[in-house]
Novice: 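Take a look at this one; I'll ask things after.
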Amino acid sequence: MEFTANTTYYQELQNQIRNCDDKEIIIKELYGQRYIGCATSDKNFKLYGTAGNGLGQYNNGSTIEVFGNCQEAVGDTMNSGDIIIHGNCGDACGYGMRGGRIFIEGDVGYRAGIHMKAYMDKFPVLIVGGKAGSFLGEYLAGGLIAILGNGAQGKMPCSYFCGTGMHGGKIILRCDEKPDGLPEQVLVSEMTEQDREELTPHIEDYCKYFGLNAKEILSNRFYVLTPNPNSGYNQLYTFE
Amino acid sequence: MLLKEGQVRIPAGCAISGIFHKDGKKENGERIIKSISTMHDRSNGLGGGFAAYGIYPDFKNDYAFHIFYDSNRAKDECETYLKENFDIIAMAKIPTRRHPRITDEPMIFRYFVQPLQTVLAFSQLDEKEFVVRKVIHANHNIKGAYIFSSGKNVGVFKASGFPEDVGEYYMLENYEAYSWTCHGRYPTNTPGWWGGAHPFALLDTTVVHNGEISSYDANRRFIEMFGYSCDLLTDTEAITYIVDYLNRRIGLNYSEIANVIAAPFWSTIEKKPEEEKKRLTYLRNAFASLLVTGPFSILVGFEGGMMALNDRLKLRSMVVGEKDETVYIASEECAIRIMQPEFDKIYAPRGGEPVILTLNKGGNAQ
Amino acid sequence: MNMLYPQFEVIRNPSRCINCRACERQCANEVHGYDENLKIMTCDESKCVNCHRCVAICPTRALKIVKTDHTFKENANWTEKAITEIYRQAETGGVLLSSMGNPEQHPIYWDKILINASQVTNPSIDPLREPMETKTFLGKKPGKIERDENGNLIDNLPPHIELNMPVMFSAMSYGSISYNAHAALAKAARELGICYNTGEGGLHKDFYEYGENTIVQVASGRFGVHTDYLNAGAAIEIKMGQGAKPGIGGHLPGIKVGADISKTRMIPEGTDAISPAPHHDIYSIEDLRQLVYSLKEATNYKKPIMVKIAAVHNVSAIASGVARSGADIICIDGYRGGTGAAPTRIRDSVGIPIELALAAVDQRLRDEGIRDKVSIVVGGSIRNSSDLMKAILLGADACYIATAALLALGCHLCRTCQTGKCNWGIATQREDLVKRLNPEVGAKRLVNLVTAWNHELEEMMGGMGINSIEALRGNRLMLRGIGLTQKELDILGIKHAGE
């Protein structure tokens, strides 16, 4: 079913979508309507325009493809499903995400992938084609973040405080030199074969969506950030 | 120094009485005075008053303001305020007769007014809300002036004293009304300020009330959110505002209002048929803070009607007698027997179950 | 060398002790021992936390725990507590950590407020014989009516929680307390017709059946949050803050994340569960509205959304913002609220008393004309039914209790929850300790407690001639202060006794 959003209020639009049994949902002229795909599990969304805040929040299995840019809180607390963004994405993308994947063609804003966590068969993945803002992967507890650094000219593709408080998961950055200035909770190493194997299927899917060459991307130099097991919080406290 | 109403909360016991002619027939104030005088011992001489509907047929489309003034200065200030907002159609001193037991009289004036159309339009309020705000503003802000009656074709007459004396003082034999209510007051602590006597009135809603409600501050603090200012700190004032709010602002009818302010117990609601259960649950839940607890019996007068209501435990007495097209209601049976020795039907309404009287269709209330 | 002398002494009456070694078996802190050679019980009181487990279990009443009379030179400024904290920090370099609520000597306003009763001018009511109503609805009121074409009223009430009495068990996560403690709370809530709260640790699959009596929480860590969870309860609570540690996140160490907790929180076994200090999708009040409505969208507008905040200085302005965010219920947690672990300095010196916060918030919402757009629930040390009564008279719709509930389950307020060695089976995940708390017995004790409070509430209501909780709410004329300054009275919105 095809909807035209234009200036329809999000609650009205969401109501129309809820009342529609079709699996395929196309929305044209999206102007920031919030929560599209929120808490859905079996739909395929194709969205044209600017997706509003909370896109795919609590997503439980739907595929959401956006032809345009996204705003804030994309995939917030998402459980499964894919979100594909042909454009850039705003702040706080993938916050608290437990499963599913977010593929961004362009850049992502501040605080992407904060407190992502994995559980059993759930494994959250965030792949960003361009660059990321500060606080990427803060408190990361599980899952995988890869920043492919398109447009970064081989420099570290994210800004300050990457991986602060990280205690699980993996952040993979494409850059020519070992990233520095990272917080003490983070260990940096060059990508191993095992890491590459882990990354490959996601990059292949990413390339499928955006018409890119996976081999070419994977042939670049990558660095991997993992949590430093010796910098936990356990030594921080003394008890009454 | 004793504080007056508005400076301190004064619980009061009381007597109430009312007459309603469903066919619109009118009578003067003599019988209602006689009625309230039989309950003399329920009052203590510190307040009495009457409300009469249909008494100003020549000005029936104008708001009739009855105002107490403590001083000429207050009168000047209040009249200036009125002129800024209203077109004064007529004004006069309210006629009274000298009475040995009615003393400390303020100046008492009556004005028939219409809102100034330009000011009304600028305020973006509907006409009644406009009038209400102006009345509340004047009473709250103009020291020494008190608008104690503000409806169309209705008048409140009240004073410090026993109600039968108050009736004589105001010469109520000269007013013809299809509906009368009356109140004799027994406040526990007051110097007897005239404004503190009852009925309390806002627009065409007038309330007389017997009892002391235990929910007062819960009700007051809620209703004050909607632009009302409970300046007198009396139960009657709060009940009047609640009725005005639920009827005029929310759009509930009087039977629904009774279901809010004297809502049945949950255990009673539980036993009702499904639809009724849903309706009563809704009303009680949606307007929870307007449930009135503690003892009360009230007579609410309004344009073309009257509602009598007891609290849901029926902690106060009330008797209703019907004879032909006339209904008599009072705190005690003697007070209606003295007006009408024989009734077609006489009964005591159950707690929380309102008696709602309205003019018959085509009833002539002019 | 150890500069810290044990706080308590274990006094064993040798004429009573029968060497049954029950104390030894019961003490997870390993205070008690048995000398096989000398055939006597021994003890290491440096490990004692004064939880009374051994005292309660001793069949001959041979044990008691006393405060040591070992002392520092008296000093009104440098108290024993101040000195030992310095020693502890000098030794470890650590942040002082405490559990349960603020124990410091700050004023308790509940104790300085008195309740009214009827005499003569209106009647008191006998609650044993006449109906007395404590049924409570939490949620927004519609503020306007709608009618169908026949003029009948349409039910336009937003979703709400229905409680038999104005009490709920407040948030304690599975992780901070045990499975059996949760089971007891859930069972008791169902029997009482009230709600308990999952806390931020997700909802164990065994407890989905208590959904109608469950409030599911969404905190910054988003543990266990998924669509089934959101739809499982009677309401959803967004935890923005906690009275014991306003502005502070949480940390459940990996060691406490066993198999079961891992499933409930939906994180791998043995990993740290860290709750960030803020929700990183909320940096401003309009973002709260965004989260509130995301939850409404996720539950198709069928669940009331609660927002829990800590009572801080600017609480009334914050509450006003929350009320306008679309939240249906605001929960305010006072600075005496409990915790499984919080930095001591924060617990003891951040935030404000719930009495003042409640009075300020209720009045502010009324001044803005939006009090019926939102219900108010308060917690942070409601210790008995008169605290509860006073809270409702000040303007609360209902109260949250947690410390009182834990006490009912056997907690002795030894304030060492963070060790995970709770001898009463409450704040522990050790299987041998957890099974000491029988959920059936625990539930019964909780039911007893809340039922008793409700009776007392009814008794006090009857005394003031009120037979319905609605007429109690915000009825401040029924309160008077005693020994309070004019400023305090003004904030509480009550008069002084005698006025």
Side-chain angles (χ1 to χ4, degrees), chain A residues 10-11 14-15 18 34-41 52-54 57-61 71-74 76-80 91-93 95-99 110-112 114-120 122 135 138-142 165-169 227 232-240, chain C residues 7 49 81 84-85 88-89 91-99 218 220-231 249 251 253-255 262-263 265-268 271-276 279-283 287 290-291 293-301 341 343-344 415-416 418-419:
Chain A
Y10 76 84
Q11 289 181 10
Q14 284 282 81
N15 245 337
R18 259 195 292 272
R34 292 180 171 187
Y35 312 122
I36 307 292
C38 171
T40 59
S41 54
N53 297 359
Q57 192 157 1
Y58 320 109
N59 182 7
N60 206 17
Q71 300 185 166
E72 275 65 58
V74 168
D76 193 323
T77 323
M78 164 166 159
N79 206 40
S80 72
D91 295 342
C93 169
Y95 176 50
M97 179 180 172
R98 179 183 309 111
Y110 268 54
R111 300 185 175 82
I114 292 191
H115 208 289
M116 277 172 32
K117 43 180 125 14
Y119 173 65
M120 308 274 278
K122 303 276 183 247
F135 300 102
E138 190 176 22
Y139 301 102
L140 192 70
M166 179 173 177
H167 53 289
Y233 298 94
N234 297 334
Q235 283 78 45
L236 191 60
Y237 299 111
T238 180
F239 296 118
E240 195 180 285
Chain C
Q7 270 184 289
V49 298
K81 179 170 176 287
T84 50
E85 282 173 350
R88 195 166 277 127
Q89 292 195 292
E91 224 162 273
T92 62
V95 170
L96 289 165
L97 206 65
S98 302
S99 39
V218 172
S220 63
R222 304 288 159 89
F223 297 113
V225 177
H226 58 101
T227 48
D228 293 347
Y229 171 81
L230 295 176
N231 283 289
H251 177 201
I255 192 163
S262 135
K263 276 188 213 133
R265 294 206 173 213
M266 302 177 82
I267 53 171
T271 57
D272 287 352
I274 292 175
S275 296
H279 289 249
H280 283 283
D281 46 4
I282 304 178
Y283 285 171
D287 294 350
Q290 185 182 319
L291 184 62
Y293 276 90
S294 80
L295 293 168
K296 289 185 185 235
E297 283 285 337
T299 54
N300 202 5
Y301 296 84
T344 310
R415 311 202 302 260
T416 44
Q418 73 279 346
T419 63

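Labels below follow one simple rule: chain letters A, B, ... track the order of the sequence lines, proteins then strands, and each chain is numbered from 1.
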Novice: Can you name the residues that form a salt bridge (Lys or Arg N to Asp or Glu O under 4.0 Å) with Arg222(C), not counting sequence neighbours?
Specialist: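 Only Asp76(A), Asp281(C) meet the salt bridge (Lys or Arg N to Asp or Glu O under 4.0 Å) criterion with Arg222(C).
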Novice: With a 4.5 angstrom heavy-atom cut-off, is it the side chain or the backbone of Ile255(C) that approaches chain A, or both, or neither?
Specialist: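 Contact with chain A involves no heavy atom of Ile255(C) at all.
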Novice: Rounded to the nearest 0.5 Å, what separates atom OH in Tyr58(A) from atom CG in Asn231(C)?
Specialist: 11.0 Å
Novice: Could you state the interatomic distance from CG (Asn300(C)) to SG (Cys38(A)), rounded to the nearest 0.5 Å?
Specialist: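 Separation between the atoms: 10.5 Å.
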Novice: Only pairs of heavy atoms separated by less than 4.5 Å count here; which of Ala141(A), Ala118(A), Ser41(A) has the most with chain C?
Specialist: Ala118(A)
Novice: How about His280(C) and Phe135(A): are their ring centroids closer than 6.0 Å?
Specialist: no
Novice: Which bit of Thr84(C) is near chain A, if near means a heavy-atom gap under 4.5 Å: side chain, backbone, both or neither?
Specialist: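 No part of Thr84(C) comes within 4.5 Å of chain A.
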Novice: If you tally heavy-atom pairs under 4.5 Å against chain C, which of Asn15(A), Asn60(A), Asn59(A) wins?
Specialist: Asn60(A)
Novice: Using the rule given for side chain to side chain contact (heavy atoms under 4.5 Å, CB included), can you reason through Met266(C) versus Asn79(A), listing the C-alpha separation, both sets of side-chain angles and the distance that settles it, and then say yes or no?
Specialist: CA-CA 10 Å; Met266(C) 302 177 82; Asn79(A) 206 40; 4.3 Å; yes
Novice: List for me each residue that meets side chain to side chain contact (heavy atoms under 4.5 Å, CB included) alongside Arg265(C), sequence neighbours excluded, and say none if there are none.
Specialist: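 Result, side chain to side chain contact (heavy atoms under 4.5 Å, CB included) vs Arg265(C): Ser173(C), Phe223(C), Leu252(C), Ile261(C), Ile267(C), Ala273(C).
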Novice: Between Met97(A), Glu72(A), Arg98(A), Arg34(A), who has the most heavy-atom pairs with chain C when the cutoff is under 4.5 Å?
Specialist: Arg98(A)
Novice: Among the options Gln89(C), His226(C), Glu91(C), Lys263(C), pick out the one with the most heavy-atom pairs lying under 4.5 Å from chain A.
Specialist: Lys263(C)
Novice: Is the closest side-chain heavy-atom distance between Tyr283(C) and Arg111(A) below 4.5 Å?
Specialist: yes
Novice: How long is the span from the CD atom in Gln290(C) to the CD atom in Gln57(A), to the nearest 0.5 Å?
Specialist: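 Between Gln290(C) CD and Gln57(A) CD, I get 6.5 Å after rounding to 0.5 Å.
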Novice: Answer yes or no: is there a side-chain heavy-atom contact under 4.5 Å between Ser220(C) and Tyr139(A)?
Specialist: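 Not in contact.
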Novice: With a 4.5 angstrom heavy-atom cut-off, could you sort out which part of Glu138(A) is near chain C: side chain, backbone, both or neither?
Specialist: side chain
Novice: Could you look at Tyr293(C) and say if it's the side chain, the backbone, both or neither that has a heavy atom under 4.5 Å from chain A?
Specialist: both
Novice: I'd like to know whether OH of Tyr229(C) has more than 12 heavy-atom contacts from other residues, nucleotides or ligands below 6.0 angstrom.
Specialist: yes
Novice: Measure Tyr35(A) against the heavy atoms of chain C and call it side chain, backbone, both or neither at under 4.5 Å.
Specialist: side chain
Novice: Side chain, backbone, both or neither: which part of Ser294(C) has an atom under 4.5 Å from a heavy atom of chain A?
Specialist: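 Both backbone and side chain of Ser294(C) come within 4.5 Å of chain A.
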Novice: Before you tell me yes or no, could you show the steps for Arg18(A) and Glu297(C) under side chain to side chain contact (heavy atoms under 4.5 Å, CB included), namely the whole-Å CA-CA distance, both residues' side-chain angles and the distance that decides it to 0.1 Å?
Specialist: CA-CA 10 Å; Arg18(A) 259 195 292 272; Glu297(C) 283 285 337; 3.1 Å; yes
Novice: With a 4.5 angstrom heavy-atom cut-off, is it the side chain or the backbone of Lys296(C) that approaches chain A, or both, or neither?
Specialist: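 It is neither, since no heavy atom gets under 4.5 Å.
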Novice: Between chain A and each of Pro343(C), Pro268(C), Ala298(C), Pro276(C), count heavy-atom pairs under 4.5 Å; write down the option with the most.
Specialist: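 Heavy-atom pairs under 4.5 Å are most numerous for Pro276(C).
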